[in-house]
Structure formats: C-alpha cells, structure tokens
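Here the structure comes first, spelled out in structure tokens, and everything after it is commentary.
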Amino acid sequence: MASQCTAFRDSKGGLHASLEKATLEDLAGVLGRVGEEGGMTAGVAKLIFDRRVEIERIFAEHDQLTGSMPAGGTVERLHAI
C-alpha cells in the first residue's frame, strides 16, 4: 500500500528528509568546494547554520555601517571617552 511522506527539496531539486538537511545542502552549494577534496564544505555549512543568529547579527552591523558609508568608501568610527 502506498503511503505519504514529507520531504524537502534543495535548490538543485534533491530530496531531503528534513528542512535542515535541504538548507545545509543549499549552503554547501553556495560555499562551493572548501579544502582539497571538498570534504570540509558540509562541515562549514553546518557551522554557519548552527551559528546563524550570530552571523546574521554581524552582517546586519556591517550593512548598517556600509549604509552610512561616504562616497570615498571609508567610515570613520568615533569612540566616546
């Protein structure tokens, strides 16, 4: 008898049992090969996935600073004493 199951597709059309696995495959694809044999790519993708909140915070801070960047391409940071 046929049964129904839930699967998730990555951007290349591959099926995965969990959303996390599909997302990790997409991240690995974006990263490309890391290391001589490409074996590090999956580990780097997992690390990025696990530390997503911190990584997004860093990029948000970066985007905030570059959004106020003058035409010359540098930002002066002033520190209050």
Side-chain angles (χ1 to χ4, degrees):
M1 175 178 174
S3 63
Q4 185 177 9
C5 68
T6 300
F8 298 89
R9 265 189 220 283
D10 61 38
S11 61
K12 291 182 179 179
L15 291 178
H16 303 274
S18 73
L19 177 58
E20 181 177 335
K21 288 182 180 181
T23 302
L24 289 173
E25 185 65 28
D26 284 343
L27 279 172
V30 168
L31 293 170
R33 280 181 44 158
V34 178
E36 291 292 317
E37 301 297 317
M40 291 175 49
T41 304
V44 171
K46 177 75 171 137
L47 186 63
I48 290 169
F49 186 83
D50 290 345
R51 298 192 179 165
R52 176 181 175 177
V53 172
E54 294 90 350
I55 291 168
E56 287 177 346
R57 178 188 52 78
I58 291 166
F59 277 116
E61 290 170 358
H62 174 83
D63 291 344
Q64 183 180 19
L65 287 173
T66 58
S68 62
M69 189 178 293
T74 60
V75 173
E76 265 187 56
R77 258 186 134 168
L78 301 175
H79 298 281
I81 297 178

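Treat the numbers as computed from the prediction; the structure is a model and nothing was measured. Every heavy atom of this structure was used, including side-chain atoms; hydrogens, water molecules and symmetry mates were not. Along the sequence shown, the residues carry numbers beginning at 1.
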Going by the salt bridge (charged side-chain N to carboxylate O under 4.0 Å, His left out) test, which pairs reach into residues 1-14, not counting sequence neighbours?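 Of all non-adjacent pairs touching residues 1-14, none passes salt bridge (charged side-chain N to carboxylate O under 4.0 Å, His left out).
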
Can you sort out the partners of [X] under side-chain contact (heavy atoms from CB on, under 4.5 Å), two or more places apart, ordered by chain and number?
{"X": "Ser11", "value": "Asp26"}
{"X": "Phe8", "value": "Thr6, Leu19, Ala22"}
{"X": "Ala28", "value": "Thr41, Ala45"}

Do Leu47 and Phe59 share a hydrophobic cluster, counting only Ile, Leu, Val, Met, Phe, Trp and Tyr and linking them when any side-chain heavy atoms are less than 4.5 Å apart?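 No.
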
Say whether Leu24 and Val44 are linked into one hydrophobic cluster, either directly or through other cluster members, by side-chain heavy-atom distances under 4.5 angstrom.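 In one cluster with Leu24: Val44, yes.
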
Salt bridge (charged side-chain N to carboxylate O under 4.0 Å, His left out) partners of Glu61, counting only residues at least two apart: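 Glu61 satisfies salt bridge (charged side-chain N to carboxylate O under 4.0 Å, His left out) with Arg57 only.
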
CG-SG distance between Leu15 and Cys5, expressed to the nearest 0.5 angstrom: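 With rounding to 0.5 Å, CG (Leu15) is 8.0 Å from SG (Cys5).
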
Check: residues 48-56 side-chain donor-acceptor pairs under 3.5 Å, at least two apart:
| residue | atom | partner | partner atom | Å |
| --- | --- | --- | --- | --- |
| Asp50 | OD1 | Lys46 | NZ | 3.1 |
| Arg52 | NE | Glu56 | OE2 | 2.9 |

